[in-house]
A.B. asks: 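Attaching a single structure in structure tokens format; questions to follow.
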Amino acid sequence: MTAVATEDSTELTLLLAQIVTGAADGKATAWFNEALGALATGYDRNAFLAAYAGADRRLRAFDATLSAADIKRLEMLGTRALEEWPLSRFARCAFISTVLGATPAMDHAAILDEIFRSGDNSEREALLAGLAAFPDPTRFLETAIESCRSNVETVFAAIACENAYPSLYFPEASFNQMVMKTVFIGLPLARVVGLEGRRNSELSRMAEHFAAEREAAGREVPSDLDLITANVRPA
Amino acid sequence: MKMFDPHIHMTSRTTDDYQAMAAAGIAAVIEPAFWLGQPRTNAGSFEDYFLSLVGWERFRAAQFGIRHFCTMALNPKEANNEALADDVMAMLPRFLEKDGVVAVGEIGYDDMSAAEERRILEHFELAREFELPVLIHTPHRDKKRGTERTLDLIRDAGFPEQLTLVDHNNEETLPLVLATACWAGHSIYPNTKMSEARMVELVKQYGDERIIINSAADWGVSDPLKVPKTVAAMQEAGIGDESIETIVWRNPIEFFAQSGRLDIDADASLPKVDQSRLWEGNSVLRGQDPRIDG
Ligand SMILES: [Zn+2]
């Protein structure tokens with residue numbers, strides 16, 4: 001699966017906004033449209049962070065309904081779990097996308113990093129889940145790698161699982177650490193997008209050592225570990 | 001018996017506590033932002049603390065099948081550091097937007113200083129703006145006078161009494177609070193604020209209307225199982241289960257549900273612990289032996 005980052009963020013914003021307004025009731029839609037419109041006309045840090053934070057409780061009552069065409073068009077998001085996205089996540093990604101269109105490119109990495117640092121769990125997860133879709137995604141690498149250090153499993157899973165970003169942009173050492181943490185905390189490796197294409201000899205060495213350590217301790221070795229230990233393709 | 005501990009500082013507690021609380025039937029908690037025992041020297045310390053209340057602590061609780069909510073405020077003691085207090089007050093609106101924040105609190109008097117009073121009034125304004133109830137701490141020293149002044153201030157400010165929970169009551173302050181439309185909290189705390197036996201007597205005398213109990217457990221000598229222990233004491237004293245459940249489940253839910261953010265159905269059966277279920281829209285797929293109650 002490939003994620004195709006948009007040239008500019010307008011198309012992405014429109015797609016996401018359609019999903020939000022198609023699911024929310026009149027009151028929530030009015031709130032969303034007003035917030036989105038204000039963000040498009042100029043960046044106000046406090047208004048942005050407030051709208052971003054408030055999306056969950058304003059949209060919690062509604063579920064996104066996605067057509068096959070929607071899912072196809074949203075492939076650019078680089079996620080495999082769109083059906084599990086709460087509606088607030090579409091709204092939050094629309095807000096980010098809008099702000100990126102309304103601010104100078106040199107500020108973008110700092111804006112996204114602040115969302116991560118100042119967000120609660122679900123705010124952090126929304127940012128990470130949409131990360132591959134925003135223009136020039138390698139700019140956000142530092143935030144993405146930092147997010148892998150989270151001890152909140154849902155936050156870690158938002159970058160490590162069902163997300164194309166790490167396999168597309170992580171350097172090898174960071175990718176390997178992320179994959180080993182996935183194994184370590186017991187998440188299935190099948191959830192790591194693009195794992196097959198990023199296998200490497202250092203990762204299989206780490207996995208073999210992990211298996212040996214588990215065996216020595218008399219503990220179970222996860223059955224999916226052979227996805228990274230055996231038959232590593234030649235580089 | 002479904003139980004809610006609506007005032008407990010889990011940041012200061014261990015996973016053993018979480019485990020024991022879940023086993024004793026505590027299904028939900030509220031963690032008010034408070035004093036950490038030693039002064040904070042810069043606003044960034046508050047920011048990190050507030051973030052952990054809506055992030056890390058919420059996740060820790062979920063691992064034990066306990067729903068975690070919080071309240072946000074500048075606490076009374078630290079209201080007296082004027083420069084720091086300004087920075088924290090400016091930070092609060094951003095946190096009051098967040099999803100798991102179900103009240104402004106805990107606020108109130110400590111030394112009963114003018115600075116404390118000014119901040120209480122500012123918090124009332126924030127509560128109005130964000131349509132949230134408030135949780136008010138009453139002072140340890142000169143408690144009766146402090147409670148009277150608190151109730152006067154609520155009335156004079158015109159803040160809705162039904163949106164106000166006045167906490168840490170005792171035999172002398174409870175009748176004052178019940179004479180208003182405010183809700184009355186009781187912290188069952190070893191040796192000091194209120195004991196199980198004294199609480200039983202208060203319930204016998206005043207009934208269950210607008211009565212709430214909590215452990216207020218924190219970093220001091222305190223007990224996170226005081227809510228279930230008080231339930232046992234009430235049962236032993238012959239208070240009916242219907243009334244007990246009103247005090248430890250329906251009342252806190254009814255009060256904090258006024259925030260519109262407490263997504264717990266008071267009539268739902270006790271939430272089953274399923275660590276593999278969806279939390280906040282994300283599956284918490286527990287690697288290590290997910291615990292799924294049948
Ligand atoms: Zn407290």
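In what follows, chains are A, B, ... by sequence order, proteins preceding strands, each numbered from 1.
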A.B. asks: Between Glu123(A) and chain B, with a heavy-atom cut-off of 4.5 Å, which part of the residue counts as in contact: side chain, backbone, both or neither?
C.D. replies: side chain
A.B. asks: What orientation do Phe95(B) and Phe50(B) show, parallel under 30°, tilted 30 to 60°, or perpendicular over 60°?
C.D. replies: perpendicular
A.B. asks: Can you find a side-chain donor-acceptor pair between Ser122(A) and Arg92(A) that sits under 3.5 Å?
C.D. replies: yes
A.B. asks: What class does the angle between the rings of Phe95(A) and Trp31(A) fall in, given that below 30° is parallel, 30 to 60° is tilted and above 60° is perpendicular?
C.D. replies: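 The arrangement is perpendicular - the two ring planes meet at more than 60°.
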A.B. asks: Identify which part of Asp263(B) has an atom lying under 4.5 Å from any heavy atom of chain A, answering side chain, backbone, both or neither.
C.D. replies: side chain
A.B. asks: Students often mix this up, so state it plainly: with edges at 30° and 60°, are the rings of Phe34(B) and Tyr49(B) parallel, tilted or perpendicular?
C.D. replies: tilted
A.B. asks: For Val99(A), does its backbone N or O pair with a side-chain atom of His108(A) as donor and acceptor, under 3.5 Å?
C.D. replies: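 Checking the backbone N and O of Val99(A) against the side chain of His108(A), no donor-acceptor pair under 3.5 Å is found.
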A.B. asks: Is Leu96(B) in contact with chain A via its backbone, its side chain, both, or neither, using a 4.5 Å heavy-atom distance?
C.D. replies: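 Backbone only.
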A.B. asks: Can you tell which of Arg60(B), Glu97(B), Glu47(B) has the highest number of heavy-atom pairs within less than 4.5 Å of chain A?
C.D. replies: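 Highest number of pairs under 4.5 Å: Glu97(B).
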A.B. asks: Is it the backbone or the side chain of Arg60(A) that comes under 4.5 Å from a heavy atom of chain B, or both, or neither?
C.D. replies: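 Contact with chain B involves the side chain of Arg60(A) alone.
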A.B. asks: What part of Ser88(A) is in contact with chain B, defined as an atom under 4.5 angstrom from a non-hydrogen atom: side chain, backbone, both or neither?
C.D. replies: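 Contact with chain B: none, neither part.
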